[in-house]
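Quick caveat, the model's predicted, so the values are computed rather than measured. Atom set for the values below is all heavy atoms of this structure, side chains included, hydrogens, waters and symmetry mates excluded. Residue numbers start from 1 in every chain, and the chains themselves are labelled A, B, ... in the order their sequence lines are given, proteins ahead of strands.
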Protein chains: 2
Amino acid sequence: MNDVFRAFGDPTRREILRLLRRRDMSAGELAERFPLAKSTLSGHFNVLKHARLVVAERRGTTMVYSLNLSALEEAIAAVMGLLETRRRKKE
Amino acid sequence: MNDVFRAFGDPTRREILRLLRRRDMSAGELAERFPLAKSTLSGHFNVLKHARLVVAERRGTTMVYSLNLSALEEAIAAVMGLLETRRRKKE
DNA sequence: GAATTATTTCGGTAGTTGGCAAATTAGCGA
DNA sequence: TCGCTAATTTGCCAACTACCGAAATAATTC
């Protein structure tokens with residue numbers, strides 16, 4: 001869970017997730033959308049994979065990345081947990 | 001919004017938010033719960049304030065921190081946005 | 001096995017972060 | 001104003017992060 005929050009901390013990684021919500025994309029396809037070196041993107045993919053936010057599947061010579069919805073759902077639950085049990089005195 | 005995600009990236013800051021969900025607490029009270037220097041905690045408070053996740057109010061010589069629920073709600077909405085518009089091909 | 005394409009790993013750098021102790025600011029009461 | 005308590009700011013350092021280009025790895029096709 002710690003890794004999930006860390007992964008969310010970087011704007012580039014959030015943009016990757018945003019792109020993947022529409023359709024699965026290869027590492028190269030994703031890299032084209034950013035003004036960054038492919039090696040840099042590869043590092044971001046690793047962080048996202050480690051946080052289980054994306055899943056990678058090799059298809060021939062290319063790697064296809066896709067969102068892992070359940071990890072996103074868990075992140076939402078964790079943030080919502082901060083709201084739920086609040087006991088307010090005044091309001 | 002960027003600052004909100006950055007603020008969530010640190011475990012100490014998430015724990016501060018978790019403590020504040022029960023009741024408002026002073027800087028000193030909060031600092032007691034962590035094995036960290038007060039100056040370090042003060043830095044964390046600043047990050048949380050900057051992200052508008054907490055609000056500070058001076059009460060005499062002490063500073064009282066409280067959760068800013070609306071910022072939390074926005075963070076949830078942002079994460080949920082990653083889920084919502086997903087178009088699935090198979091399933 | 002050599003050439004091609006796609007991606008990752010490695011080595012290095014600049015900037016950021018989290019941590020502390022010490023100095024500083026702020027409010028309060030004598 | 002002085003002394004006390006609470007909290008923040010400052011200066012410094014070690015660890016981490018994002019980034020790059022070059023070299024290495026992986027799968028495919030000839």
How long is the straight-line distance from CD1 of Ile16(B) back to CZ of Arg33(B), given to the nearest 0.5 Å? 12.0 Å
Output the rounded distance in Å from NE2 (His50(B)) to C1' (dT8(D)). 16 Å
CE of Met63(B) to CD of Glu57(B), rounded to nearest 0.5 Å, is 8.5 Å
Rounded distance (Å) that lies between atom P of dG19(C) and atom CG of Asn46(B): 14 Å
Nucleic acid contacts of residues 2-19 of chain A, taken as heavy-atom distances under 4.0 Å to DNA chain C: none
Value for CG (Leu41(A)) from OG1 (Thr12(A)), rounded to nearest 0.5 Å, stands at 7.5 Å
Let me know the distance between CZ of Phe45(A) and P of dT9(C), rounded to the nearest Å. 12 Å
Whole-Å distance, Arg59(A) CZ to dT7(C) C1', equals 16 Å
Taking only the side-chain heavy atoms of Thr61(A) (C-beta and beyond), determine which of dA7(D), dT7(C), dA6(C) contains the nearest atom. dA6(C)
Verify, without hydrogens or angle tests, whether Glu29(A) (side chain) and Ser26(A) (backbone) share a donor-acceptor contact under 3.5 angstrom. yes
Test of understanding: with side chain to side chain contact (heavy atoms under 4.5 Å, CB included), list the residues that count as partners of Ala51(B), not counting sequence neighbours. Asp3(B), Val4(B), Ala7(B), Leu53(B)
Rounded distance (Å) that lies between atom C1' of dT25(D) and atom CE of Met63(A): 12 Å
Without decimals, in angstroms, what is the distance between Glu57(B) CD and dA26(C) P? 18 Å
So, is Tyr65(A) close to the dT8(C) phosphate, meaning a side-chain N or O under 4.0 Å from OP1 or OP2? yes
Determine whether a donor-acceptor pair (N or O, by modelled atom type, separation under 3.5 Å) exists between the side chain of Arg58(B) and the backbone of Gly60(B). yes
For Arg52(A) against Asn68(A), the heavy-atom pair lying closest together: O-ND2, 2.7 Å
Does the side chain of Ser26(B) get closer than 4.0 angstrom to OP1 or OP2 of dA7(D) through an N or O atom? yes
Just how far is it from atom CE of Met25(B) to atom CG of Leu30(B), taken to the nearest 0.5 Å? 4.5 Å
Between atom CD in Glu32(B) and atom C1' in dA7(D), what is the gap in whole Å? 13 Å
Members of residues 34-44 of chain A that approach DNA chain C, where some heavy atom sits under 4.0 Å away: Lys38(A), Ser39(A), Ser42(A)
Between the side chain of Arg14(B) and the main-chain N/O of Phe8(B), is any donor-acceptor distance below 3.5 Å? yes
